[in-house]
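First up is the structure itself, then whatever we jot down about it.
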Amino acid sequence: MTNASSWALQYFFVVLVAFFAGPLLSKLPAIQAFPLTLLGLNGQQTIRLVIEGTGTIILSALAIRAYRQLPNNGRGFSFIRTLILPVTILVILIALDRTLRAAGLPLIEHIGARHYTIAYAAGLTLAGLWITIAWFLNFDALHRFFSTSAQETDQASLMSADEATDETRSDELSAE
């Protein structure tokens with residue numbers, strides 16, 4: 001069974017390849033002559049849209065898997081767990097906008113530039129609102145994570161200082 005860091009790195013690598021392969025592959029001469037057109041897009045735009053769409057689907061799968069596998073322990077992981085989905089949606093909205101503006105202008109024109117802009121602004125606003133609400137509602141979990149870590153560190157340093165004092169005393173007693 002793979003550990004969390006290995007599957008996360010695998011997904012992250014595939015997402016990066018998908019986001020950067022779309023623009024790179026769309027510039028190849030063979031792809032530019034690709035006969036498949038989708039929704040009024042030429043072959044180059046279709047390939048870029050499909051590859052980057054695949055990257056967003058994989059990014060969504062990564063976020064959902066991370067959300068399910070992170071523990072809800074009432075501490076730092078709970079805080080991260082609640083922010084994974086809204087932050088992923090924000091990243092996906094930005095990536096899709098970038099892709100549509102670069103390759104899918106016919107799609108935007110078909111919907112209407114004004115409607116697209118309103119929908120995009122509403123999506124960004126809702127994602128930002130979701131992030132803000134999740135942040136505030138789970139801020140206590142983040143606070144507990146850092147305060148517990150600081151207390152554990154303080155206790156560990158106090159214990160090591162007590163042990164050092166005990167060793168010094170035992171050395172003094174054995175020297176006498």
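In this structure, the separation between OH on Tyr67 and CG on Leu62 is 15.0 Å, given to the nearest 0.5 Å. To the nearest 0.5 Å, atoms OG1 (Thr82) and CG (Leu70) are separated by 10.0 Å. The distance from atom CG of Asn138 to atom CG of Leu83, rounded to the nearest 0.5 Å, is 7.0 Å.
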Tabulate below the donor-acceptor pairs under 3.5 Å that side-chain atoms of residues 104-114 make, not counting sequence neighbours, or state none.
none

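The shortest side-chain heavy-atom distance between Thr54 and Ile58 falls under the 4.5 Å cut-off. Between Tyr116 and Leu100, some side-chain heavy-atom pair lies under the 4.5 Å cut-off.
A donor-acceptor pair is defined here as one N or O able to donate and one able to accept, closer than 3.5 Å; no such pair exists between the side chain of Arg81 and the backbone of Asn72.
Across Thr56 and Ile92, no two heavy atoms sit closer than the pair O-CD1, 3.9 Å. Across Tyr120 and Leu93, no two heavy atoms sit closer than the pair CE1-O, 3.5 Å.
Not counting sequence neighbours, Thr88 has no partner by the side chain to side chain donor-acceptor pair (under 3.5 Å) test. Every residue two or more places apart in sequence or in another chain that forms a side chain to side chain contact (heavy atoms under 4.5 Å, CB included) with Leu90 is listed here: Ile94, Leu124, Ala127, Ile131.
Leu129 shares a hydrophobic cluster with Ile133, Leu137; the chain of contacts runs through ILVMFWY side chains whose heavy atoms sit under 4.5 Å apart.
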